[in-house]
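Quick caveat: nothing in here was measured; it's all calculated off a predicted structure.
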Amino acid sequence: RTAGVIRFADSGGKARTILLDAGPDLREQSLRAKLNRCDAILFTHNHVDHTFGLDEVRRFNAVMRAPIDLYADGHTLDHLRRVYKHIFDRQNNINDSFVATLITHQVEPDRAFDLFGLRVTPIKLLHGKLPILGYRFDVTDTALAGVTNSADGVSTSPFPLAYCTDVSGIPPETWGKLKGLQTLVLD
């Protein structure tokens, strides 16, 4: 199932991992990719194939001994709070249990935010008639300019990068935000 990860070292040399969605296969995908941390999760939309692995991020909390920042639009945040009530209303759990510790941030299309030396811009896409988000990543910290794509052995930066999943339509106002990319992930 579709998901992604961006791994890099920030300007201080600290390893960073950003998850793009958290589908039901997250545990298996994380083990296969040898992920040992999760600094942030960016959700594209509320469908279960993109959200039903959220409970698995609690392991990253334990390993990192830190909360995880979660970014999503209001519709997706409402879905996550409803489905994962035990995480977001943990004080009401009958049994004290080990649940993820998350810091939520509501995002909107075209309202960029900075994340570990990357400028992240949520962009509006369509999944059928459902408005969803894609994300554009631009380097803002010059120390990250040398980030490389080692998957193919070529020493070139993948940035600017856009992650666009479940796309059935691109609104006219979004096309300009896809210009000048080094890497486009499109599903």
What is the minimum heavy-atom distance between [X] and [Y], and which atoms define it?
X	Y	result
Pro122	Phe113	CG-CE2, 4.0 Å
Cys38	Ile68	O-CG1, 3.3 Å
Leu42	Tyr135	CD2-CD2, 3.6 Å
Pro67	Asn61	CA-ND2, 3.6 Å
Leu115	Phe8	O-CZ, 4.5 Å
Gly180	Pro160	O-CG, 3.4 Å

For this session: Carefully, step by step, assess Leu19 and Leu26 under the rule side chain to side chain contact (heavy atoms under 4.5 Å, CB included).
Result: CA-CA 10 Å; Leu19 290 182; Leu26 179 62; 4.0 Å; yes
For this session: Under the side chain to side chain contact (heavy atoms under 4.5 Å, CB included) rule, what do Phe43 and Leu80 come out as? Steps first, then yes or no, please.
Result: CA-CA 10 Å; Phe43 281 100; Leu80 293 171; 3.8 Å; yes
Problem set entry | Stepwise side chain to side chain contact (heavy atoms under 4.5 Å, CB included) test for Val185 and Leu20 | CA-CA 11 Å; Val185 179; Leu20 304 165; over 6 Å; no
Determine, using the 4.5 Å side-chain heavy-atom cutoff (strictly less than), whether [X] and [Y] are members of one ILVMFWY cluster.
X	Y	result
Val167	Leu133	no
Leu184	Leu118	no
Val57	Leu35	yes
Ile87	Val48	yes
Ile123	Trp175	yes

Problem set entry | Check: His47 ring centroid to His79 ring centroid under 6.0 Å | no
For this session: Keeping to residues at least two apart or across chains, list the side chain to side chain donor-acceptor pair (under 3.5 Å) pairs with something in residues 115-125.
Result: Asp114-Arg119
Problem set entry | Pro24: partners by side-chain contact (heavy atoms from CB on, under 4.5 Å), with sequence neighbours left out | Arg1, Phe52
Note, [X] side chain near [Y] side chain (heavy atom, < 4.5 Å):
X	Y	answer
Thr2	Tyr163	yes
Ile6	Phe137	yes
Leu181	Arg136	yes
Thr101	Arg90	yes
Asp73	Pro109	no

Rounded to the nearest 0.5 Å, what separation is found between the [atom1] atom of [X] and the [atom2] atom of [Y]?
X	Y	atom1	atom2	value
Gln106	Arg111	CD	CZ	10.0 Å
Asp55	Arg27	CG	CZ	12.0 Å
Phe116	Ser11	CZ	OG	11.5 Å
Lys177	Asp138	NZ	CG	12.5 Å
Leu126	Ser168	CG	OG	6.0 Å
Gln182	Ser157	CD	OG	7.0 Å

Going by atom types only, do [X] and [Y] share a side-chain donor-acceptor pair under 3.5 Å?
X	Y	value
Asp166	His50	yes
Asn92	His86	no
Thr17	Asp39	no
Thr76	Asn46	no

Got a donor-acceptor contact below 3.5 angstrom from the [X] side chain to the [Y] backbone?
X	Y	answer
Arg37	Ala15	yes
Asp10	Lys14	yes
Asp21	Ala3	no
Arg58	Phe98	yes

Exercise. Does atom CD of Glu28 have more than 12 heavy-atom neighbours from other groups under 6.0 Å away?
Worked result: no
Problem set entry | Worked verdict on Ile103 versus Leu70 for side chain to side chain contact (heavy atoms under 4.5 Å, CB included) | CA-CA 6 Å; Ile103 301 169; Leu70 182 152; over 6 Å; no
Exercise. What pairs with His105 under ring-ring contact (aromatic ring centres under 6.0 Å, His included), at least two apart in sequence or on another chain?
Worked result: Tyr71
